[in-house]
Enquirer: 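The structure under discussion is supplied below as structure tokens; questions concerning it will follow.
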Amino acid sequence: MADASESGGKTALEVEGLTAGYGDIEIVHGIDLSVSEGSLVSVVGPNGAGKSTLLKAILGLVKVFDGSIRLDGHDVTRFPLEQLVRRGIGYVPQVDDVFETLRVHENLEMGGYLLDKPTRARRIEEVLEFFPVLAEHMRRYVGTMSGGERKMVAVGRALMTSPRVVIFDEPTAGLAPTLVQSVLEDQARALADRGKAVLLVEQRAHAALQLSDWAYVLVQGRVARSARAADVLSDPEMGEVFLGGAVKS
Amino acid sequence: MGIFVQTLGFGIAAGAVISLGAVGFTVQFGISNVLNITYGAFMTLAAFLGYVLLNRGLDVWVVLVAVGVVIAIASAVFNRVFLSPLRGRGAGFVNLIIGTVAAAIILQGVIVIAAGPSAVTYGQQYGKTVSGAGLVFSLAQLIIISITVALMFGLHLLLTRTKVGRAMRATSTNRTVARACGIRTERIIDLTWLLTGFLCGAAGVALAVTTVTFDFSIGSTFLIYMIAASVLGGIGQPYGAMIGGLVVGITSQLGAAYWSPAYQDVVAFCILIAMLLIRPRGLFVAAGVNRRNLSAT
């Protein structure tokens, strides 16, 4: 049987039998998932399927009842977010994803909080190479920027530690429809093409699957299908049954 | 004019104490998102601890520092032992306020049991009188103003020039994103409670020094001045609270001089209500910024 590791290089993030939730309530059950270097893996599914809970469990933000999470082969189950960042994970939260009352350069500097000054300066240059448009806005307060620009700052901030794994939580949420494709293509896909292992949780399944290498379809907290994104996209059953037609749209 | 200038002096001295307390109160709120009503009771505790140490023959300024350290530790423990577990169990913003109100009442009750309900005094700690340009200050008032200015300047340097200060600002603005930057936000919050606890303790002793007599209600009464100063400056804004403290101190003293000392508290309440009605975000928060955070700009 095919698995996600086919879609890229070395496995960077591996989740096995993960059961997690809030308080005593289990939301996701026995999830297996892997993301390889240089690949974009999407988690899609209907509202309430447990996509964000899965992601938060990986990031140490909700309770893990069972299962394991491995980063580059090392067990990081139940590690708090700040420790995962120190070990090579970059996280871009859903909407509240920047320090909105700080300037762009301050956001990037905070992203490089763990780095020494010369490394931080070098990483800022790298981020500006990836997002040249930010160079013109370094002194601007992020709270005054458009949704698309803010998202660049959020991703730039996450890239400051040069993470091997980048995790996006619904990056297109709250964005104008015209920006959806550019955020997914110029950010998530582009990072995978640069060798990062990218895990994307996305409500806009069709747009995400078009750009992804592999997909996990989550339904009621369980993996209903794990397959090449193109196969999921072309499967009418997936669209009708699991995504309410989203795949076909 | 003579009364006005003299009252201005009293107002600056009172404002320095309010600023000292209000900055701690507002920074604590800005970073940990807890409107800590127990802050007033901790100030009362500080005043009484100071009273005990003074009676053992210690110098009042040594007492101020020593009590500051004790209240710093007590505040950090209070957050760890009481508020953090409450948050962990899903207590919301209002639940936490109610929790701090309950804790304040308990702490105040314990102080009454330990020290009694009667008023006490630090005695004459004022020192010689210094005057200039019509303003008259006691030496103690000048020392308190100097301590306030020094602590505020130190806080400014901490927030703007140090890595830990930047982490405090980041934690205040967005805790999840701060964690995603690798910042250990729990440690930053512990540090915040230590720092603001110190300001609370120092303000409690400073308040007792500038008050003729005080009892178990000193902190809870003073809390309204600190809240008014914080709201005036924009909740969560340390520089706003500094200026707000001065404004509240001066206006309440002017109210007392020109109206009646009995209406001192009324002036503070009027400022609070007027600010909430006219400019709820405070004087020092830019339009469009709808959250309290520790701004250093």
Side-chain angles (χ1 to χ4, degrees), chain A residues 22-24 56 59-61 63 79-103 105-117 120 123 139 141-145 150 153-163 166-169, chain B residues 26-27 30-31 33 84-92 159-191 234-240 281-282 284-297:
Chain A
Y22 300 88
D24 295 329
K56 284 176 180 161
L59 294 167
L61 296 172
K63 193 170 171 183
F79 274 31
L81 176 57
E82 50 271 36
Q83 215 165 322
L84 293 170
V85 170
R86 287 162 194 258
R87 285 175 173 255
I89 284 188
Y91 171 45
V92 184
Q94 200 179 112
V95 177
D96 206 6
D97 53 0
V98 289
F99 298 114
E100 65 174 16
T101 56
L102 302 187
R103 297 172 196 270
H105 76 90
E106 290 176 314
N107 268 267
L108 298 181
E109 281 165 11
M110 287 317 303
Y113 177 79
L114 299 171
L115 311 172
D116 58 48
K117 212 170 172 181
R120 198 160 57 225
R123 291 278 167 77
R139 303 287 305 166
Y141 284 103
V142 178
T144 66
M145 299 174 93
R150 284 168 62 117
V153 176
V155 176
R157 191 269 309 146
L159 292 179
M160 283 295 292
T161 50
S162 197
V166 182
I167 296 179
F168 286 89
D169 187 2
Chain B
T26 209
V27 168
I31 294 181
N33 199 22
S84 277
L86 273 184
R87 268 196 301 267
R89 287 179 173 79
L159 289 177
T160 55
R161 302 285 166 86
T162 67
K163 194 173 177 180
V164 88
R166 285 196 296 274
M168 288 169 85
R169 291 168 60 198
T171 303
S172 151
T173 308
N174 189 325
R175 200 180 297 184
T176 303
V177 178
R179 292 183 68 191
C181 293
I183 296 169
R184 293 184 168 111
T185 53
E186 283 303 316
R187 284 189 194 176
I188 293 297
I189 288 168
D190 282 345
L191 185 69
I235 199 88
Q237 306 291 317
Y239 307 113
R281 64 177 180 270
F284 301 97
V285 180
V289 177
N290 59 2
R291 55 194 309 162
R292 358 125 301 279
N293 76 295
L294 207 61
S295 167
T297 49

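Residue numbers begin at 1 in each chain, while the letters A, B, ... track the order of the sequences.
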Enquirer: Can you confirm whether more than 12 heavy atoms, excluding those of B:K163, are under 6.0 Å from its NZ atom?
Expert: yes
Enquirer: Drop me the distance from A:D96's CG to B:T176's OG1, to the nearest 0.5 angstrom.
Expert: 7.5 Å
Enquirer: Looking at every heavy atom in both A:R86 and B:G182, which two are closest together, and how far apart are they?
Expert: NH2-O, 2.7 Å
Enquirer: Measuring heavy-atom distances to chain B, does A:I89 have an atom under 4.5 Å in its side chain, in its backbone, in both, or in neither?
Expert: neither
Enquirer: Testing the basics here: between B:T185 and A:E82, what is the closest heavy-atom pair and its distance to 0.1 Å?
Expert: N-OE2, 4.4 Å
Enquirer: Considering non-hydrogen atoms only, spot the tightest contact between A:Y113 and B:C181 and give its length.
Expert: CB-O, 3.9 Å
Enquirer: Counting only heavy atoms not in A:D116, do more than 12 sit closer than 6.0 Å to its CG atom?
Expert: yes
Enquirer: Which heavy atom of B:V177 sits nearest to which heavy atom of A:D97, and what is that distance?
Expert: CG2-C, 3.6 Å
Enquirer: Determine the minimum heavy-atom distance between B:R179 and A:L81, stating which atoms define it.
Expert: NH2-N, 3.4 Å
Enquirer: Taking all heavy atoms of A:F99 and all of B:N174, pick out the closest pair and write down the distance.
Expert: CE2-O, 3.6 Å
Enquirer: State, with a plain yes or no, whether a side-chain heavy atom of B:R169 is found less than 4.5 Å away from one of A:T101.
Expert: no
